[in-house]
Protein chains: 2
Amino acid sequence: MIQTNPTILERQSSNLANGTRSSMAEPRRQRLSPDERRQQIFTHAQRLFNERPYEEVSTTEIAAEAGVARGLINHYFGNKRELYLEVIRISSTVSELVVATLPNGSLEERIDIAMVWFLDSLAQSGSTWLTLGSGGVSRDPELERILVASENKSIELLVVACGLATQSENKEQIRAMFRAYAQLARSGAREWLLRKTLTREQLSMLLVSTLRAIVEEAVPARNSRR
Amino acid sequence: MIQTNPTILERQSSNLANGTRSSMAEPRRQRLSPDERRQQIFTHAQRLFNERPYEEVSTTEIAAEAGVARGLINHYFGNKRELYLEVIRISSTVSELVVATLPNGSLEERIDIAMVWFLDSLAQSGSTWLTLGSGGVSRDPELERILVASENKSIELLVVACGLATQSENKEQIRAMFRAYAQLARSGAREWLLRKTLTREQLSMLLVSTLRAIVEEAVPARNSRR
DNA sequence: TCAACTATTGACATGGTGTCAATAGTGCTG
DNA sequence: CAGCACTATTGACACCATGTCAATAGTTGA
């Protein structure tokens with residue numbers, strides 16, 4: 001366990017702490033409504049899990065930061081893994097809020113619009129989504145399920161934007177290619193937002209040109225199956 | 001800890017076991033040369049780490065499978081993490097063995113050839129490389145370093161194949177785009193080899209068309225930077 | 001044959017996680 | 001307002017995984 005700050009183990013009584021700690025004896029136990037307490041723990045867990053990977057964040061630390069007994073985490077969330085999954089569940093659904101109604105128009109136009117929407121929602125949601133390793137890694141099956149479900153929604157949206165939704169045959173192939181494309185997009189977004197090696201325009205150009213190539217060249221290749 | 005087979009905790013005396021276990025008392029301790037013992041532990045660790053993710057494989061299990069005391073793992077490898085990194089280090093360098101000398105020719109031809117080489121080496125190395133989550137996740141810095149180094153080699157090769165090696169300006173942008181492309185390739189390979197949702201031809205078409213799009217459209221967009 | 005060497009072991013200490021009975025705020029009721 | 005039921009919260013306990021290290025037992029050479 002990494003102990004960066006020696007003061008984090010102190011009791012911190014959230015935001016409704018009375019400043020007169022020395023004069024007035026504050027209650028040794030703070031009793032909140034389950035919703036409040038749950039939210040409080042969740043907030044601190046969310047922050048810590050965004051700072052460091054799962055294994056390096058201990059429930060002891062989360063409890064200390066939230067100023068509660070460690071057992072309370074288990075009481076509200078079952079176990080550490082479930083708490084983590086809840087954090088991920090929130091992070092991965094941020095970008096789903098924006099469900100753009102796509103206008104009619106040429107493929108070019110719709111791709112452009114979808115890309116603007118994608119980049120905008122990314123710029124807002126920040127780096128949370130980027131650091132998730134949703135790449136079919138053999139990690140946690142439940143974690144996998146959550147990330148895949150979230151990704152599927154985005155992909156379905158993209159399929160619609162490209163006018164391939166009506167394509168009844170080769171459904172699976174199209175989805176597979178778009179899943180691969182989603183990884184390009186994710187990685188590209190990482191280059192843009194985290195590593196800052198690409199400008200937004202460059203990333204946009206990358207995403208648009210490759211997506212057009214997929215729709216116009218790779219997808220029509222459905223006749224090349226055996 | 002997952003205990004699938006109740007017999008794995010038994011002593012298994014590697015491959016040089018004498019069959020007369022009941023009659024001849026085999027030595028309670030088997031003393032091997034450090035190289036042999038190290039290799040033996042490594043082999044079992046490699047198998048287990050390929051079957052299940054890091055956290056779900058305990059050193060107790062590795063030691064049991066190898067038929068040695070758990071302390072020996074620390075003696076030879078320091079700690080569990082270093083053992084794991086050594087496994088990864090081997091897995092990620094498999095595909096580097098094939099260093100193709102690229103012929104001259106049109107961009108189209110060279111991309112085709114590079115892609116055949118890429119898919120061939122993938123088909124051989126199997127799923128080990130695919131399940132690695134090398135996506136800039138904030139995991140282990142050392143793990144990150146290893147995977148990035150391995151990936152960089154592949155990317156450099158691809159840059160040469162595309163005839164962009166001499167491009168002195170926008171070096172970083174080109175590399176960034178190719179890193180993103182590598183994720184598309186990795187994900188596509190996963191669809192081909194693991195999920196079997198794409199045929200080799202379809203994947204090849206996907207990779208070739210998108211790569212051509214990047215080289216011809218995205219990369220020349222270097223003048224669009226601010 | 002014996003002794004130095006060292007590969008190997010097993011007990012110990014540490015730290016993280018989950019469980020659960022005991023405890024102490026809180027609000028209701030007479 | 002006192003007392004009581006309810007339950008949010010605690011802290012001690014058991015369990016498991018990891019790392020350390022002194023003791024032990026094969027092995028090799030004199």
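Numbers restart at 1 for each chain; the letters A, B, ... are given by sequence-line order, proteins then strands. The model shown is predicted, which means the values in this text are computed figures rather than measured ones.
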Taking it one step at a time, do A:N79 and A:T59 satisfy side-chain contact (heavy atoms from CB on, under 4.5 Å)?
CA-CA 9 Å; A:N79 54 31; A:T59 54; over 6 Å; no
Between A:L198 and B:E172, is the side-chain contact (heavy atoms from CB on, under 4.5 Å) condition met? List the steps.
CA-CA 8 Å; A:L198 291 179; B:E172 260 319 297; over 6 Å; no
If you apply the rule side-chain contact (heavy atoms from CB on, under 4.5 Å), what do you find for B:Q173 with A:T197, and how did you get there?
CA-CA 6 Å; B:Q173 279 74 21; A:T197 48; 5.9 Å; no
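A parallel orientation is assigned to the rings of B:F49 and B:Y54, their planes being inclined by less than 30° (bins at 30° and 60°).
With hydrogens and angles disregarded, a donor-acceptor distance shorter than 3.5 Å links the side chain of A:Q40 to the backbone of A:A66.
Among the protein residues, A:N74 comes within range of the nucleic acid bases, having at least one heavy atom under 4.0 Å from a base atom. Residue-level contact check: A:R70 touches the bases, meaning some heavy atom is under 4.0 Å from a base atom. At the heavy-atom level, B:Y76 lies under 4.0 Å from the strands shown only through sugar-phosphate atoms.
Put simply, CD1 on B:I73 is 13 Å from P on C:dT8, counting in whole angstrom units. Straight-line distance from the CD atom of A:Q40 to the P atom of D:dT9: 9 Å, rounded to whole Å. We find that CD1 of A:I41 is positioned 12 Å from C1' of D:dT10, with the value rounded to whole Å. B:E82 places its CD atom 14 Å from the P atom of D:dT18, with the value rounded to the nearest Å. Residue A:Q30 contributes atom CD, which lies 9 Å from atom P of D:dT9 at whole-angstrom precision. Atom-to-atom, CG of B:L32 to P of C:dT6 comes out at 17 Å; the value is rounded to the nearest Å. If you measure from atom OH of B:Y84 to atom P of D:dT18, you get 14 Å, rounded to the nearest angstrom. In this entry the distance linking CD of A:E55 with P of C:dT17 reads 11 Å, nearest Å.
Closest to the side chain of B:T60, from the set D:dT18, C:dT17, D:dC6, is D:dT18. Listed nucleotides: C:dG10, D:dG19, C:dT6. Nearest to the side chain of B:R31: C:dT6. Picking from C:dG25, D:dT18, C:dG18 the nucleotide with the shortest atom distance to the side chain of A:N79 gives C:dG18.
Side-chain N/O atoms of A:R29 and base N/O atoms of C:dT23 include a donor-acceptor pair closer than 3.5 Å.
Between B:K80 and A:R37, the residue whose closest nucleotide on DNA chain D is further toward the 5' end is A:R37.
OP1 or OP2 of D:dT18 sits under 4.0 Å from a side-chain N or O of B:T59.
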